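These notes concern the structure reproduced below.
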Amino acid sequence: MLEDLLVKGLLAALEKFGVFEEDVNIVLEKPRDRSHGDLSSNLAMVLGKRLGRKPRELAGEIAAGVDFPKSIVESVEIAGPGFINFRLAHSYQVELLLDMLDPAGALEDIKTGGNKRINVEFISANPTGPLNVVSARAGAFGMTLVRLLDAIGYDAHAEYYVNDAGRQVKMLGLSLRAHYLQLAGETVDFPEDGYHGRYLEIMAQELMEQDTAAIVKAASAFNDESFQRVQAPPGNAEDWRKLPEDESVRHFAKFALMKILSWQRDTCRRFGLRFETWYFESELHESKRIERALDRLEKVGALYTEEGATWFRATDFGDEKDRVVVRAEGLSTYFLADIAYHYHKFQRGFERAIDFWGPDHHGYIQRMQGAMEALGVPRDWLEVQILQQVTFLEGGRPIKMSKRAGQFVTMDALIDEVGADVAKYIFLSRKPNSHLDFDLDLAKEQSNENPVFYVQMAHARICSVLRNAAVEGIDPGDVTADSLGNLTEEAEWNLVRELIRLPQVIVSAANAREPHRLTGYIHEVAGLYHQFYHQCHILGEEKDTTLARLHLCLVTRHVLRVVLALIGVEAPEKMGEKV
RNA sequence: GCGCCCGUAGCUCAGCUGGAUAGAGCGUCUGCCUCCGGAGCAGAAGGCCGUGGGUUCGAAUCCCGCCGGGCGUACCA
């Protein structure tokens with residue numbers, strides 16, 4: 001790595017001041033202003049005080065003491081209050097570019113994860129209705145993080161947890177059954193805490209029209225491995241209606257669950273989300289994992305009984321109060337199921353688990369990590385990323401999202417109206433902990449003026465130039481150091497300098513869990529490409545120039561493709577007509 | 001009350017873990033298509049980085065106090 005080389009050189013120069021590696025942390029950064037070189041160190045300012053020297057003088061002496069090959073570092077300058085600025089040789093930058101294209105090069109070198117398995121769980125929405133638009137942010141982030149982790153050499157695994165057990169599912173069954181009975185002409189009281197969404201009415205309507213065969217056929221869409229548990233209830237709705245109430249509700253619930261999961265899965269697919277595993281809570285109950293987790297907590301002395309309930313000693317693990325795991329009536333809490341789920345996740349052999357949660361669950365982190373610790377799992381095994389809330393505005397005012405009241409914007413509607421690429425790009429341009437206002441009206445209007453098109457345009461433009469080159473019979477061939485050496489313009493080198501940052505950008509975005517650094521980066525790349533395109537004519541120039549510029553196009557296209565693939569946005573060869 | 005997150009251009013947001021003159025998109029204004037795609041380029045206007053202190057060579061960034069907003073604070077999920 002270049003930076004290591006520079007750091008080494010600086011350290012060598014520092015020895016005569018009695019400063020050694022362990023005394024100082026040398027940081028090199030890219031100056032904002034290009035006239036300050038390619039890389040910059042604040043070393044002299046940091047050391048100035050300690051050595052009782054004026055930073056600028058010190059910088060001068062350090063700079064005089066370093067010795068780099070001219071083929072790598074073109075110049076070392078002192079500037080401002082004492083910055084040491086390095087200017088890289090063009091030949092070296094070209095080397096870095098070529099290394100990035102090399103299948104065994106820089107993008108391979110950043111794969112330092114050792115193929116360790118990491119589980120990334122996101123969305124995990126309750127299976128009580130269609131996915132709403134809040135899940136879109138989680139989907140965009142989670143999926144991108146999975147790809148980023150793969151890009152740095154981990155074996156990342158996307159997972160979706162389905163809460164298909166407990167009270168809410170029963171309520172779902174009750175609600176659907178009530179709708180059905182109403183349609184069948186019976187007078188029924190709608191359950192008090194029932195789900196009022198219109199989708200359940202529609203589902204009930206469908207149910208009236210579907211016979212057993214149709215229901216079974218619908219269920220057969222779930223033959224994938226992760227969905228073995230999703231099956232049609234026996235018979236048809238008329239049969240279920242006649243059953244004793246409890247059993248009847250269970251049948252309706254099972255059907256509703258099946259339908260809703262199919263919607264959720266379809267929506268995920270439309271949004272480009274692929275989950276290796278859909279993990280069902282009901283499985284935890286059936287496999288006795290919940291009881292076993294409880295036993296184990298008991299065994300390690302992390303439980304006690306009070307007022308008839310069983311409590312987990314969360315305060316022993318940093319939480320502010322102890323938490324109930326089994327209620328006085330004997331029912332286990334959602335928390336206990338979650339403990340069992342995460343413990344099983346650990347047993348499945350993941351080196352680390354990353355969960356994406358909403359801000360309303362932040363108070364849940366301590367107890368969850370505490371429970372894992374109590375079970376003997378390393379404290380940092382479970383990493384929770386809080387994705388701040390999205391406030392959706394329509395007609396200038398916030399939409400209250402309530403699934404129970406049936407009032408929310410679906411993720412499908414978002415995809416229909418602004419498009420998956422635009423939606424993903426908007427979410428991925430913001431950092432995870434920013435609360436963001438999403439104005440749907442504006443998004444619809446601006447979907448035609450969105451930054452995502454700016455980036456896609458750059459890609460399409462490159463493809464177009466390459467097509468034109470082919471028409472003129474020019475075959476750019478492989479990118480070589482010689483060809484790129486013919487680049488002379490400022491606009492060309494501005495682009496080059498940005499392109500070679502790719503490996504670092506990927507590493508930093510992955511490690512910081514901040515995918516938005518990717519969108520910032522390609523926006524910059526696209527901008528520099530557009531500038532280059534306007535300032536430097538590519539085709540019809542003198543032969544070496546044309547070739548060099550075509551090669552720069554090829555590298556830019558590669559970088560854009562790599563990053564667009566990471567964020568799950570298409571890299572189109574042509575842009576459609578603007579509406 | 002306590003805990004977490006946020007406050008940067010008219011609006012929506014970046015600001016790479018403390019650096020040099022605070023950026024982008026949208027909106028507003030001015031130029032640029034007989035020229036590889038104008039979904040583009042060049043430029044202008046627009047900021048006490050909520051506020052008051054502190055830390056140091058240096059703060060939008062770190063610490064403390066206020067002000068304002070969101071979320072949480074269940075034997076709900």
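Owing to the predicted nature of the structure, the values given are computational and were not obtained by experimental measurement. Proteins get letters first, then strands, A, B, ... in listed order; numbering begins at 1 in each.
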- Task: Determine the interatomic distance between P on B:C6 and the same-named atom on B:G43; round to the nearest Å.
- Result: 34 Å

- In what stems does RNA chain B take part, counting only runs of at least 3 consecutive Watson-Crick or G-U pairs whose two distances fall under 3.5 Å? B:1-7 with B:67-73, B:10-13 with B:23-26, B:28-32 with B:40-44, B:50-54 with B:62-66

- Partner set under salt bridge (Lys or Arg N to Asp or Glu O under 4.0 Å) for A:Glu490, not counting sequence neighbours: A:Arg497

Could you run down the sub-3.5 Å N/O contacts of the protein with nucleotides 75-77 of chain B?
| residue | atom | partner | partner atom | Å |
| --- | --- | --- | --- | --- |
| B:C75 | O2 | A:Ala328 | N | 2.6 |
| B:C75 | N4 | A:Glu307 | O | 3.1 |
| B:C75 | N4 | A:Glu307 | OE1 | 3.3 |
| B:C76 | OP2 | A:Arg327 | NE | 2.5 |
| B:C76 | OP2 | A:Arg327 | NH1 | 2.9 |
| B:A77 | OP1 | A:Arg327 | NH2 | 2.6 |
| B:A77 | OP2 | A:Tyr334 | N | 3.3 |
| B:A77 | O2' | A:Gln168 | OE1 | 3.3 |
| B:A77 | O2' | A:Gln168 | NE2 | 3.4 |
| B:A77 | N1 | A:His361 | NE2 | 3.1 |

Show me the donor-acceptor pairs, under 3.5 Å and distance only, between side chains in residues 314-322 of chain A and residues at least two apart or in other chains.
| residue | atom | partner | partner atom | Å |
| --- | --- | --- | --- | --- |
| A:Thr315 | OG1 | A:Asp322 | OD1 | 2.6 |
| A:Asp319 | OD1 | A:Arg323 | NH2 | 3.2 |
| A:Asp319 | OD2 | A:Arg323 | NE | 2.9 |
| A:Asp319 | OD2 | A:Arg323 | NH2 | 3.3 |
| A:Asp322 | OD1 | A:Ala314 | N | 3.1 |
| A:Asp322 | OD1 | A:Thr315 | N | 3.0 |
| A:Asp322 | OD2 | A:Tyr304 | OH | 2.7 |

- Could you tell me whether the side chain of A:His523 has a donor or acceptor atom within less than 3.5 Å of a complementary atom in the base of B:G25? no

Protein-nucleic acid N or O pairs under 3.5 Å, nucleotides 8-15 of chain B:
| residue | atom | partner | partner atom | Å |
| --- | --- | --- | --- | --- |
| B:U12 | O3' | A:Asp437 | O | 3.3 |
| B:U12 | O2' | A:Arg430 | NH2 | 2.6 |
| B:C13 | OP1 | A:His435 | O | 3.4 |
| B:C13 | OP1 | A:Asp437 | N | 2.2 |
| B:A14 | OP1 | A:Lys431 | N | 2.6 |
| B:A14 | OP1 | A:Ser434 | OG | 3.0 |
| B:A14 | O3' | A:His516 | NE2 | 3.4 |
| B:G15 | OP1 | A:His516 | NE2 | 2.7 |
| B:G15 | OP2 | A:Lys431 | NZ | 3.3 |

- Residues forming a ring pair (Phe, Tyr, Trp, His ring centres under 6.0 Å) with A:Phe427, sequence neighbours excluded: A:Phe438

- Note on the structure: Residues passing the side chain to side chain contact (heavy atoms under 4.5 Å, CB included) test with A:Ser124, sequence neighbours excluded, are A:Glu121, A:Tyr161

- Message: Using a strict heavy-atom distance below 4.0 Å, which residues from residues 529-537 of chain A are in contact with RNA chain B?
- Response: A:His530, A:Gln531, A:Tyr533, A:His534, A:Cys536, A:His537

- Kindly say whether the aromatic ring centers of A:Tyr279 and A:His344 come within a distance under 6.0 Å. yes

- Item | Set of residues satisfying ring pair (Phe, Tyr, Trp, His ring centres under 6.0 Å) with respect to A:Phe335, sequence neighbours excluded | A:Tyr364

N/O-N/O pairs, protein side and nucleotides 56-59 of chain B side, under 3.5 Å:
| residue | atom | partner | partner atom | Å |
| --- | --- | --- | --- | --- |
| B:C57 | OP1 | A:Lys49 | NZ | 3.4 |
| B:C57 | OP2 | A:Lys49 | NZ | 2.9 |

Donor-acceptor pairs are to be reported for all side-chain atoms of residues 528-539 of chain A against protein atoms at under 3.5 Å, with residues two or more places apart or in another chain.
| residue | atom | partner | partner atom | Å |
| --- | --- | --- | --- | --- |
| A:His530 | ND1 | A:Arg461 | NH1 | 2.9 |
| A:His530 | NE2 | A:Tyr454 | O | 3.2 |
| A:His537 | ND1 | A:Leu539 | O | 2.8 |

- Kindly state whether the pair A:Phe83 / B:A20 counts as stacked, where counting means centroids closer than 5.5 Å and planes tilted less than 30° apart. yes

- Should B:C33 be called syn or anti, with syn set as within 90° of 0? syn

- Can you tell me how far P of B:C71 sits from CD1 of A:Ile365, to the nearest Å? 18 Å

- Query: What residues form a ring pair (Phe, Tyr, Trp, His ring centres under 6.0 Å) with A:His558, not counting sequence neighbours?
  - Reply: none

- Query: Rounding to the closest angstrom, what is the interatomic distance between B:U17 and B:U61 at atom C1'?
  - Reply: 8 Å

- Task: Look at A:Tyr521 and B:A24 and indicate whether a side-chain polar atom (N or O) is within less than 4.0 Å of OP1 or OP2.
- Result: no

- Expressed as a whole number of Å, how far does the P atom of B:G52 sit from that of B:G25? 31 Å

- Message: Just N and O in the side chain of A:Asn450: are any of them under 4.0 Å from OP1 or OP2 of B:G25?
- Response: no

